[in-house]
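Below, chains carry the letters A, B, ... as their sequence lines are ordered, and counting in each starts from 1. Computed from a predicted model, the values in this text were never measured in an experiment.
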Amino acid sequence: MTWPREPAPKPASAPRLRRLRRAELPRDSVALARFLLGAIVVSDVPPGRTALRVVETEAYLPDDAAAHSFRGETARNRSMFLRRGHAYVYFIYGNHFCLNVSSEAAGVGAAVLVRAGEPLIGFEVMRLRRPRAAERDLCRGPGRLAAALGIDRRLDGCDLTAAGPLWLAAPQRPPRAIGTSARIGLTKEAERPLRFYERGSPFASGPAARNG
DNA sequence: TCACTGATCGTCT
DNA sequence: GACGATCAGTGAG
């Protein structure tokens with residue numbers, strides 16, 4: 001299977017979306033990181049709905065020195081300790097927000113970082129938010145993805161399995177094949193193979209050669 | 001297509 | 001006061 005050079009044509013009508021139930025989410029962080037590939041993140045933040053199909057995730061585990069939760073609960077990372085299926089949104093590098101899905105039982109600090117996605121719904125709204133980005137780059141990278149969906153600190157702690165401004169929908173197309181690699185941008189525990197991506201996807205972040 | 005660099009500021013030590 | 005789960009812009013190959 002080869003990928004088209006350009007993104008697939010936009011669907012003529014918006015796809016039907018079914019909200020994921022918490023019971024459907026795997027109880028293990030690594031399993032959830034793989035499960036989320038192909039799943040859909042839906043944002044109903046004004047001015048209109050945007051949604052993307054997840055193509056890249058990273059797992060941050062309990063007792064993981066690279067995880068924000070490693071040193072215990074703080075005001076910033078509190079949402080990592082919510083039971084699985086809640087949004088953990090944090091601000092990074094003075095410029096960007098990143099979206100995570102909490103991934104363990106209540107009181108256990110762990111999350112799955114949603115690193116990249118394939119735009120599905122709301123191209124016009126995404127382009128309003130990221131006017132200079134090429135279509136392929138609209139959601140390629142965690143900061144870009146959050147910007148395209150209008151995600152900021154206000155959505156921190158949001159239940160992604162309940163009705164609200166940000167939620168998860170069931171996959172409509174499973175990932176073709178899942179690749180595994182080291183996580184990106186870390187100085188601690190950098191070698192652990194906890195990054196997962198749809199093989200060959202042009203919407204995954206980083207150099208294309210790494211995503212084959 | 002990739003590597004490099006500066007910008008930017010909240011959070012924690 | 002240092003650092004960071006990043007990005008956009010630039011230039012080289």
Checklist entry - Can a donor-acceptor pair be found between the side chains of A/S205 and A/E56 at a distance below 3.5 Å? => result yes

Item to check | A/M80, nearest nucleotide to its side chain (from C/dA5, B/dC9, B/dT11) | outcome: C/dA5

Item to check | Salt-bridge present (A/E124, A/R127; N to O < 4.0 Å) | outcome: no

Checklist entry - Quick one: A/L194 CG to C/dA5 C1', roughly how many Å, whole number? => result 12 Å

Item to check | Whole angstrom value for the distance that separates P of C/dA5 from CZ of A/R76 | outcome: 7 Å

Item to check | Pair A/D44-A/W167, side-chain donor/acceptor within less than 3.5 Å | outcome: yes

Item to check | Side chain to side chain, A/Y60 and A/S29, heavy atoms closer than 4.5 Å | outcome: no

Checklist entry - Do the side-chain N and O atoms of A/S69 and A/N77 include a donor-acceptor pair separated by under 3.5 angstrom? => result no

Checklist outcome for this item: note: A/H68, atom NE2; B/dT11, atom P; distance rounded to Å ~ 11 Å

Next on the checklist: Using whole Å, what does the distance between atom P of nucleotide C/dA5 and atom CZ of A/R71 come to?
Outcome noted: 11 Å

Checklist entry - Reading nucleotides 6-13 of chain C from the 5' end, what letters show protein touch, with B for base, S for backbone sugar-phosphate only, - for no heavy atom under 4.0 Å? => result BSSS----

Next on the checklist: In this structure, how many angstroms lie between the P atom of B/dT1 and the CG atom of A/N211, rounded?
Outcome noted: 12 Å

Checklist entry - In whole angstroms, how far is the C1' atom of C/dG4 from the CD atom of A/E189? => result 16 Å

Checklist entry - For A/K188 and C/dA2, what is the distance between atoms NZ and P respectively, to the nearest whole Å? => result 17 Å

Checklist entry - Within the structure shown, what part of the strands sits under 4.0 Å from A/A66 by heavy-atom distance: base, sugar-phosphate, or nothing? => result base

Checklist entry - When the ring planes of A/F97 and A/F91 are compared, do they come out parallel, tilted or perpendicular, using 30° and 60° as the limits? => result tilted

Next on the checklist: I want to confirm an ordering. Mapping A/R210 and A/N77 to their closest nucleotides on DNA chain B, which one lands closer to the 5' end?
Outcome noted: A/R210

Checklist entry - Pairing of DNA chain B as dot-bracket, 5' to 3': ( ) intra-strand, [ ] crossing, | other strand, . unpaired, with Watson-Crick or G-U pairs under 3.5 Å? => result |||||||.||||.

Next on the checklist: In whole Å, I'd like the distance from the CZ atom of A/R78 to the P atom of B/dG10.
Outcome noted: 18 Å

Checklist entry - When we call it a touch if two heavy atoms are under 4.0 Å apart, what does A/R183 touch: a base, just sugar-phosphate, or nothing? => result nothing

Checklist entry - Ring centres of A/Y90 and A/H68 under 6.0 Å apart? => result yes

Item to check | Atom of A/R27, atom of A/E104 and distance for their closest heavy-atom approach | outcome: O-OE1, 3.4 Å

Next on the checklist: Tell me whether the NZ or CZ atom of A/R78 lies within the 45° cone about the ring axis of A/Y88 and under 6.0 Å from its centre.
Outcome noted: no

Checklist entry - Is the phosphate of B/dC12, meaning OP1 or OP2, less than 4.0 Å from a side-chain N or O of A/T74? => result yes

Item to check | OP1 or OP2 of B/dT11 under 4.0 Å from side-chain N/O of A/R153 | outcome: yes

